[in-house]
Amino acid sequence: MELSGAEIVVQALKDEGVEYVWGYPGGAVLHIYDALFKQEAIQHILVRHEQAATHAADGYARATGKVGVALVTSGPGATNAVTGIATAFMDSIPMVVVSGQVPTPVIGSDAFQEVDTVGITRPCVKHNFLVKRVQDIAMTMKKAFYIAASGRPGPVVVDIPKDVTDPDIKVSYVYPATIQMRSYMPVERGHSGQIRKAVDFMMQAKRPVIYTGGGVVLGDASENLYKLAQVTGFPVTNTLMGLGGYPATDQLFLGMLGMHGTYEANMAMHETDVLIAIGARFDDRVTGKIAHFCPHAKIIHIDVDPASISKTVRVDVPIVGQVNNVLEDMLRLIEEMQRKPDVKALSDWWARIEGWRSVNCLSYLPSDQVIKPQKAVDALYQVTREMDFYLTSDVGQHQMFAAQFYPFDKPRRWINSGGLGTMGFGLPAAMGVQQAFPEATVACVTGEASIQMCIQELATCKQYDLPLKIILLNNGYMGMVRQWQEFFYDGRYSHSYVDALPDFIKLSESFGHVGMQVTNPADLEAAYREAFGMRDRLVFMDIVVDPEENVYPMIEAGKGHHEMHMSPYLSSERELA
Amino acid sequence: MQRIIAVLLENESGALSRVANLFTARGYNIESLTVAPTEDPSLSRMTIVTRGDENVLEQITKQLNKLIDVVKLMDLTEGPHIERELMMIKVRADGGVREEVKRMSDIFRGRIIDVAANQYTIEMTGGSQKLDAFIQVLGEECIIETVRSGVMGIARGNKHLV
């Protein structure tokens, strides 16, 4: 088959089974857009800003497990995409971004819309390529998809100069069926000796905790995690990225841990003697002060990325491998060797945990005057729990309230920017999810500050009939910034009040959607039912919430897990040891 | 702790920047870095001299390994190894010191590779400390210009990177 470079790009996407490409045309990618125009297998979604293209591809990847694809032009197209690329990089999301570049003869001459895309994206990609010859496009695309999806996944940028996609230069096209790279061989299975050692530690544990992160979700290891927890009876806590990796409504689940984690999860971390970390990376929002982190624990760490192991916290039993494979081997070993946990110690441990649980650390002062953001999330759960439901989030207080108050029972249902904390992520990510699952109910929980960062995508939603539900918890502030200013800057709310807000009802109506405002707590559930009843419309719900509610519990940056601030509603603030 | 890490990587444009970028982005020290293609033109070999505590050095090797372009690496300081550096040094050599400089160069097994009426250019190889010592012996007033390659290293005996 003789194809031009532009046709090769499109054909390679087809051969990778790509269904959707999110993008925005421009000079350097016009040849590729022309090739896209002449086919129907791949649907191109025209976003309104390149950042949204990468977030949408990212949301699609998180929800489906497939590689998300974005297509942007050179220069500003590529720089606009960087935030989305970095977001995917921090959360290890498989993504391929094809960017146009100025023609090879003018590279380096400060040509119109030229930036060094490979240079700019280098620190925030798993890998990137500049393709200089049309003959290299097919192999490069193959490598890009392979690298993006294997090992610890991540974004890969393929930068293609315009002359390389010239429609008049055709070369023979064969898409490689398989690929082998001498410089990249991700580990599949864990070392059996290490797994055996881990099982030994686990079975002798008196106060074990299983702590899992995004790796369990991305590695499709939820089922085996569930089995491991059931076989051992060990408590499980999830990171923000790990939510849904273990069913939140299960008895063994302690909730999220870390800065805004539950009292029971954080206290269990503080007192555990054997910590089993699975697909988690000991992020500073999870560990707090390293010197106080799990002071009594032997640590087992299962991760596909060797560089994640002992990066911030020294571990005792490192196991490098795909988490699902390792869990499989671990379960087999436990069964074969008839290993049993220390039941007596475990029952004492659970009694202690139940004590912490009974504190009910997430309680908040109810109100019939003003909508509490916690209540808004809880009511959302009540209305959507039976649905085939996905929730994306922006970044801030609403994100934490959603993480705390919406119990996710299945993986890939909670989609948020954990590592980079990208405001503006939620709406475009939801577009990607809805595109992947047209029949599912997809909502985006957001704040009035975050939503304005990618608000232009309401037009994309209209163009492609995406019936998203936008749950705006409107407190008038950048809530998390305001909370920190209240706590750490004596209430000097420097530029965290979002003045001059638009009328969100009119705004959504002007984009052709349904707008709705809710101010009375009593109306909340009915409003949700009405909104979610509109199956074929995007409904923008402006939910006016308590302007100064805080997220509790909270561990200040640099403090240990045992030094939580609890809600003043619970009692006077406790320092609990 | 000083470490010498030998890295075999794909000889592709951008591979060097990836390594350099890694060191700056993660705040690692880099004392010297040398790189050139090997006998197999598709591969480059790099020698990196770096410094840090045990945790940092472990991360450096892991993060280097994680780079897609890196084929293999080896911490040469873990075993017996040879390190060499090349220096070319242009020195004042006039009047009374001309003979002395020549003698000094001989003692350090340097070779005079260029001669001017009042200057010598000396080529010298050896461990970095030997080159440092030569510079010290000559003294600041005598030196016009130096250029050093940075350390290259190779393991002794049967151990090898490829």
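Chain letters run A, B, ... following the sequence lines, proteins first and then strands; every chain starts at 1.
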For this session: Could you please spell out the steps behind the side-chain hydrogen bond (donor to acceptor under 3.5 Å, both in side chains) verdict for Ser42(B) and Asn11(B)?
Result: CA-CA 5 Å; Ser42(B) 71; Asn11(B) 184 15; over 6 Å; no
Problem set entry | Check ion pair Glu85(B)-Lys130(B) (N to O, under 4.0 angstrom) | no
For this session: Side-chain contact test, heavy atoms from C-beta onward, threshold under 4.5 Å: evaluate it for Arg148(B) versus Asp132(B) and give yes or no.
Result: yes
Problem set entry | For the student: nearest non-hydrogen atoms of Arg98(B) and Val115(B), plus distance | NH2-CG1, 3.3 Å
For this session: Considering only heavy atoms and a distance below 4.5 Å, find which of Glu12(B), Glu58(B), Arg18(B) pairs most often with chain A.
Result: Arg18(B)
For this session: Pick one of side chain, backbone, both or neither for Ser13(B), based on which atoms fall under 4.5 Å of a heavy atom in chain A.
Result: side chain
For this session: Check each of Asp75(B), Val49(B), Ile48(B), Thr50(B) against Ile4(B) using the side chain to side chain contact (heavy atoms under 4.5 Å, CB included) test, and report the only one that passes.
Result: Val49(B)
Exercise. In terms of heavy-atom contacts, does CG of Asp53(B) have more than 12 from other residues, nucleotides or ligands at under 6.0 Å?
Worked result: yes
Exercise. Is it the backbone or the side chain of Asn21(B) that comes under 4.5 Å from a heavy atom of chain A, or both, or neither?
Worked result: side chain
Problem set entry | Positive for side chain to side chain contact (heavy atoms under 4.5 Å, CB included) with Arg45(B), one of Val71(B), Val162(B), Ile154(B), Asp40(B) | Ile154(B)
Problem set entry | chain B neighbours within residues 300-323 of chain A, where any heavy atom lies under 4.5 Å away | Asp305(A), Pro306(A), Ala307(A), Ile309(A), Ser310(A), Lys311(A), Arg314(A)
Exercise. Which bit of Lys126(A) comes within less than 4.5 Å of chain B, counting heavy atoms only: side chain, backbone, both or neither?
Worked result: both
Seminar exercise, completed: Checked Asn55(B), Leu22(B), Asn65(B) vs chain A; the most non-hydrogen pairs under 4.5 Å come from Asn55(B)
Exercise. Please walk me through it: do Arg281(A) and Met241(A) pass side-chain contact (heavy atoms from CB on, under 4.5 Å)?
Worked result: CA-CA 10 Å; Arg281(A) 64 183 179 90; Met241(A) 293 310 298; over 6 Å; no
Exercise. Measuring heavy-atom distances to chain B, does Met181(A) have an atom under 4.5 Å in its side chain, in its backbone, in both, or in neither?
Worked result: side chain
Problem set entry | Ion pair Glu141(B)/Arg92(B), N-O distance below 4.0 Å | no
